[in-house]
Amino acid sequence: MNNAIRLSSLLAGFLLSGTLLAQDCELTIDSNDQMRFDKDSLTVSSECSEVTLTLTHSGKMAVEQMGHNWVLSKSEDVQGIAQDGVSAGLDNDYVKPDDERVIAATEQIGGGESTSITFSLDGLEAGSDYEFFCSFPGHVAMMRGEFIIE
Ligand code: ZN
């Protein structure tokens, strides 16, 4: 009996996995007062028409002191975007307005807050070098990881 129940819940799970693609297209990442993301890489399927990234900040510090965002770009553009972001200031979430090198970027958040962004993978290539990072001044050195499309 138990086995039958287990099997049917397995089957139900299998059927539900029709939503697997959708789940794979949703990413979460946490940030904290130690100036860290909790992941150093994120992977999505190239089959995703859209990706939704949710950024949380589990720390307590205010956005002015320990703000975090999540910015996606080609690896080669990370430093340039971060540098221009410093001049753009917190009013612009430390991202230069209309920066064409930015593929996706969330707002800056402080401790206890969360934010999310949905973006398309159109024009991005599996196997290319993409990275995510936080553009708060000085954070890119510690808060940076690989974004893998496979
Ligand atoms: Zn940060």
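Atoms within a ligand are numbered from 1 in the order they appear, just like the ligands themselves.
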**Study point:** salt bridge (Lys or Arg N to Asp or Glu O under 4.0 Å) partners of Glu107, counting only residues at least two apart
**Key:**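 Counting only residues at least two positions away or on another chain, Glu107 forms no salt bridge (Lys or Arg N to Asp or Glu O under 4.0 Å).
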
Review point. So, Ser75 versus Glu131: side-chain donor-acceptor pair below 3.5 Å or not?
Key: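 Distance-only check passes for Ser75 and Glu131.
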
Practice item. For the Zn ion (ligand 1), decide whether Phe136 has an N, O or S atom at a distance under 2.8 Å. Key: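 False for Phe136.
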
Review point. Looking at the Zn ion (ligand 1), which N/O/S atom of His68 is the nearest one?
Key: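 Sorting the N, O and S atoms of His68 by distance to the Zn ion (ligand 1) puts ND1 first.
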
Review point. Name of the His139 N, O or S atom nearest the Zn ion (ligand 1)?
Key: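 Minimum-distance N/O/S atom of His139 relative to the Zn ion (ligand 1) is ND1.
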
Point to revise | Test: Asp84 and Lys96 ion pair at under 4.0 Å | key: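 Salt bridge: yes.
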
Check your understanding: Residues in side chain to side chain contact (heavy atoms under 4.5 Å, CB included) with Asn32, at least two apart?
Key ->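 If we apply the side chain to side chain contact (heavy atoms under 4.5 Å, CB included) test to Asn32, skipping adjacent residues, the hits are Gln34, Arg36, Ser58.
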
